[in-house]
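Numbers restart at 1 for each chain; the letters A, B, ... are given by sequence-line order, proteins then strands.
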2 protein chains.
Amino acid sequence: MILNADILSHIPLFQGITVDELARLDTVLYPHIKNASSGEFLSYPEDVIEDTGIVLEGRIHMISEDFWGNQNIIAEFTKNTLFGEAHSISRTPLFFSLVAVEPSNLLFIRTQQILNAARCGDNGILKLYHNLMTIIIQKKLNYMKKADILSRRNLREKVSAFLSEEYQKNGTPSFTIPYDRQQMADYLSVDRCALSKELSKMKKEGILDYRHSWFQLKTL
Amino acid sequence: MILNADILSHIPLFQGITVDELARLDTVLYPHIKNASSGEFLSYPEDVIEDTGIVLEGRIHMISEDFWGNQNIIAEFTKNTLFGEAHSISRTPLFFSLVAVEPSNLLFIRTQQILNAARCGDNGILKLYHNLMTIIIQKKLNYMKKADILSRRNLREKVSAFLSEEYQKNGTPSFTIPYDRQQMADYLSVDRCALSKELSKMKKEGILDYRHSWFQLKTL
DNA sequence: ACTTGTATGTGGTATTTGCAACGGAGGTGT
DNA sequence: ACACCTCCGTTGCAAATACCACATACAAGT
């Protein structure tokens with residue numbers, strides 16, 4: 001049996017699935033393992049994919065490339081995260097490549113089988129379907145938030161929007177963000193130095209305080 | 001009966017649902033109609049919502065506001081589109097407001113009922129669930145594309161990425177986009193004049209041709 | 001204590017983008 | 001034909017940001 005309860009216990013997609021249900025899923029989902037070496041491409045633009053990938057070990061980059069060849073990393077998938085779930089359901093051609101950037105150990109399952117089996121009212125599958133929905137919604141909300149932040153017209157507003165999201169996540173105006181300065185700049189798609197300058201300006205104006213990854217928002 | 005087959009026939013969420021199934025849904029989904037006047041708020045940040053909204057007539061804006069009060073329109077919902085579906089499933093607090101910007105006629109349905117009833121194996125509900133999944137995935141992919149474009153570091157790359165998406169949608173390097181110049185600038189979150197300048201520069205360099213909404217991409 | 005390395009902040013300059021003003025093209029109604 | 005309007009492109013200038021070089025702070029190892 002490929003679907004191992006120990007391995008899958010930390011993967012959100014399989015939360016709440018019992019060992020018995022897992023045994024059934026093992027026959028339904030056609031699970032298979034793939035090892036990818038660093039730099040190996042898993043799929044290319046225009047591919048239509050059938051499987052959802054799950055990172056057991058390693059790191060995958062989703063890379064988009066425009067008509068003239070400029071590249072951009074759209075997403076990174078690390079341990080226990082899913083990739084390809086949306087495109088394998090909608091069966092639309094990819095608009096990006098998937099590349100392993102570390103030696104990776106991957107589990108693939110036949111996504112369409114979740115939808116098919118859901119019609120039979122199988123309990124384990126319905127849980128899986130619901131988990132899948134939850135994960136996709138979470139990803140959708142994350143992309144929405146990112147688009148919200150990136151659509152702000154200048155650096156000050158991007159920083160403000162980003163910190164407001166973090167403030168909302170934490171519930172208090174004093175919190176620690178999960179990024180260092182460079183990662184924060186990357187998320188905001190701005191230059192690190194420009195970000196440092198803007199933060200320092202905002203601190204001087206008294207609207208926030210910070211030190212490394214710790215921030216405190218202030219009303220005037 | 002509130003769920004009217006004629007009205008719903010153009011709404012993607014109800015595609016493929018038979019008239020009989022619709023009658024059952026009418027009792028299950030607790031549908032209700034609401035008329036909103038222009039400027040009326042439908043919900044506020046931090047609200048936890050129970051319903052998916054469907055625009056029968058009118059226009060709704062999704063507006064986010066940061067800690068210091070800067071506003072941003074994240075999304076616009078027009079006739080036959082859904083809003084609030086993700087948050088009413090995940091039951092996480094909103095990070096935006098919903099406002100009618102025209103007198104609007106709205107249909108609301110109890111989202112959680114779709115998930116509950118799916119467990120009973122009801123056929124109409126399962127179709128609805130699947131339609132919902134498809135819509136959410138489509139929205140997710142759109143936000144992904146938008147985030148991809150907006151995360152490009154300068155205007156040239158934003159334009160390139162945007163036109164490449166349109167190229168991929170159309171399949172040929174010569175196509176018409178569904179925006180005028182101002183709308184295109186808004187989508188890219190840049191100044192209209194700056195966009196005109198960049199396009200004109202790219203035309204001079206011979207990497208593309210355009211006239212109003214028509215574009216042609218060229219390899220060098 | 002010293003070296004090394006990494007993360008962060010700062011200053012100066014070049015480049016990009018925003019902004020305001022304007023002119024031309026094309027459409028519409030009188 | 002004329003006035004009027006909207007959309008688009010252009011120009012000049014101001015403001016914001018990227019880029020480069022370097023200083024400082026802090027942590028880890030020797």
*Euclidean distance, atom CG of residue L155(B) to atom C1' of dG9(D) [Å, nearest integer]*: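 The answer, rounded to whole Å, is 15 Å.
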_I114(A) side, atom CD1; L128(A) side, atom CG - distance, nearest 0.5 Å_ =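 Answer rounded to 0.5 Å: 4.5 Å.
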*Nearest-0.5 Å distance, OG of residue S88(B) to CG of residue D47(B)*: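 Nearest 0.5 Å value for the OG-CG distance: 12.5 Å.
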*Mind pulling the stems DNA chain D is in, i.e. runs of at least three Watson-Crick or G-U pairs, everything under 3.5 Å?*
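As far as DNA chain D goes, consecutive pairing (with distances under 3.5 Å) yields the stems C:1-30 with D:1-30.
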Would you mind classifying the nucleic acid contact of [X] as base, sugar-phosphate or nothing, using non-hydrogen atoms under 4.0 angstrom?
X	value
R192(B)	base
R153(B)	nothing
D191(A)	base
S196(A)	base

Can you identify which nucleotide, out of [options], has its nearest atom closest to the [X] side chain?
X	options	answer
Y210(B)	dG9(D), dC19(D), dT8(C)	dG9(D)
D180(A)	dT17(D), dT8(C), dC8(D)	dT8(C)
R181(B)	dG12(C), dC8(D), dA16(D)	dC8(D)
H212(A)	dT8(C), dG26(C), dG18(C)	dT8(C)

